[in-house]
Every structure is written in C-alpha cells, then in structure tokens.
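So the structure is just underneath, and the comments pick up after that.
A, B, ... follow the sequence lines: proteins, then strands. Residue 1 opens every chain.
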Amino acid sequence: MPSVTDADFERVRALVASIPAGRVATYGDIAKAAGLTNARQVGWIMREDSADLPWHRVIGASGRPAAHIAAEQLARLRAEGVLSVDGRVPLRERRHTFL
DNA sequence: AGATTGACTTGAG
DNA sequence: ACTCAAGCCAATC
C-alpha cells in the first residue's frame, strides 16, 4: 500500500517537528524514519503542508535546500545558529539522525 | 490509462 | 567540485 496516507503525513510532520533547532535533516533521512520508500514523497508532503512546520530544517542530501526556498531557509537557519557556508549547510556536523 | 511533474538521490563524466 | 542523466514513487493533468 505504498501511497501517502494521513498517517504518513502526520508522521512526517512529527519527525520534522522533532528536529531540534540548530540541526537539519535530509529528505532521505526523514523518508526512511517515516517509513516512506523514497525522499520525493517527503518533498511532496512538505509542499502540501509547509505552514506550521520548521520546514527550513529539512534540506536535500547535497546539504543544500531546494532552489525556490533557498534564501528563506538559509536566513532562518542562520537565525537559529546554523552557520551556512557559501549557501550550504555542513551536513557532516549539522545532520540530525532520528536515533 | 498514459504522460508530465516534482521541497529527491546517486552515480558517472 | 560541478553538471548531466537516470532511477525513483506518488500526485496531477
């Protein structure tokens, strides 16, 4: 039954909400933690509901946010204490694993 | 039902 | 390190 249900939706939201300030997670990690098969579904969910979530803590595997929101994310992350170098976040230090 | 699109990822050149 | 292509899966036309 690989389709995105309300449960998946909520699960992703919970995971994103659980990312502590000053940390970031990749779409792939969230997908894996949420039990989704691929990262694109996470991206899709985020696009649908980006309102009440810290979506700025979610970035691509390249350590770089999606192009449309890049400026916003970098600004917000910088405000949270994440030092973005040359428009990208040092995943090696900032990547949050969901234990 | 088939084609297109996309807040992704990985690997090759 | 950067760009390009293909793989991926679900939603939307």
Please tell me which of the listed nucleotides, [options], lies nearest to the side chain of [X]?
X     : options               : result
A:S3  : C:dA11, C:dC9, B:dC8  : C:dA11
A:T26 : B:dT9, C:dA10, B:dA7  : B:dT9
A:Y27 : C:dA10, B:dC8, C:dA11 : B:dC8
A:A61 : B:dT9, C:dA11, B:dA7  : B:dT9
A:M46 : C:dC9, B:dA7, C:dA11  : B:dA7
A:V4  : B:dA7, C:dA10, C:dC2  : C:dA10

Most 5' of A:R47 and A:D86 on DNA chain C, judged by nearest nucleotide: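 So the residue in question is A:D86.
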5'-most by nearest nucleotide on DNA chain C - A:R64 or A:E48: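 Between the two, 5'-proximity favours A:R64.
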Shortest non-hydrogen separation from A:L74 to A:S84 and the atoms involved: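 Heavy atoms of A:L74 and A:S84 come nearest at CD2-CB, 3.7 Å.
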Ionic contact status for A:R76 with A:E80, cut-off 4.0 Å: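 The answer is no: the pair does not qualify as a salt bridge.
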Sugar-phosphate, base or nothing in reach of A:R88, heavy atoms under 4.0 Å: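 Sugar-phosphate only.
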Sugar-phosphate, base or nothing in reach of A:S50, heavy atoms under 4.0 Å: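 If one applies the 4.0 Å heavy-atom cut-off, A:S50 turns out to touch a base.
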Check the distance between [N]'s [atom2] and [X]'s [atom1] and give it to me in whole angstrom.
X     : N      : atom1 : atom2 : value
A:I69 : B:dG6  : CD1   : P     : 14 Å
A:D52 : B:dA7  : CG    : C1'   : 16 Å
A:I45 : B:dT5  : CD1   : P     : 22 Å
A:Q41 : C:dG7  : CD    : P     : 19 Å
A:K32 : C:dC8  : NZ    : C1'   : 18 Å
A:W44 : B:dT9  : CH2   : P     : 18 Å
A:N38 : C:dA11 : CG    : P     : 11 Å
A:R57 : B:dA7  : CZ    : C1'   : 17 Å

As an exercise, state the distance from [atom1] of [X] to [atom2] of [Y], rounded to the nearest 0.5 Å.
X     : Y     : atom1 : atom2 : answer
A:D49 : A:W55 : CG    : CH2   : 12.5 Å
A:W44 : A:N38 : CH2   : CG    : 12.0 Å
A:R94 : A:I19 : CZ    : CD1   : 13.5 Å

Whether over 12 other heavy atoms sit under 6.0 Å from A:D52 CG: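 Yes, enclosed.
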Within 6.0 Å of CZ in A:R11, more than 12 heavy atoms from elsewhere: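 Yes, the 6.0 Å shell around CZ holds more than 12 heavy atoms from other groups.
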Side chain proximity check, A:R57 to A:V16, heavy atoms < 4.5 angstrom: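 Heavy-atom side-chain distance check fails, nothing below 4.5 Å.
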Base C:dC9 paired with A:R40 side chain (donor-acceptor, <3.5 Å):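 Looking at the base of C:dC9, it does not pair with any donor or acceptor on the side chain of A:R40 (distance under 3.5 Å).
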Identified stems (criterion: three or more consecutive Watson-Crick or G-U pairs, under 3.5 Å), DNA chain B: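 When the pairs of DNA chain B are grouped into runs of at least three, the stems are B:2-6 with C:9-13, B:8-13 with C:2-7.
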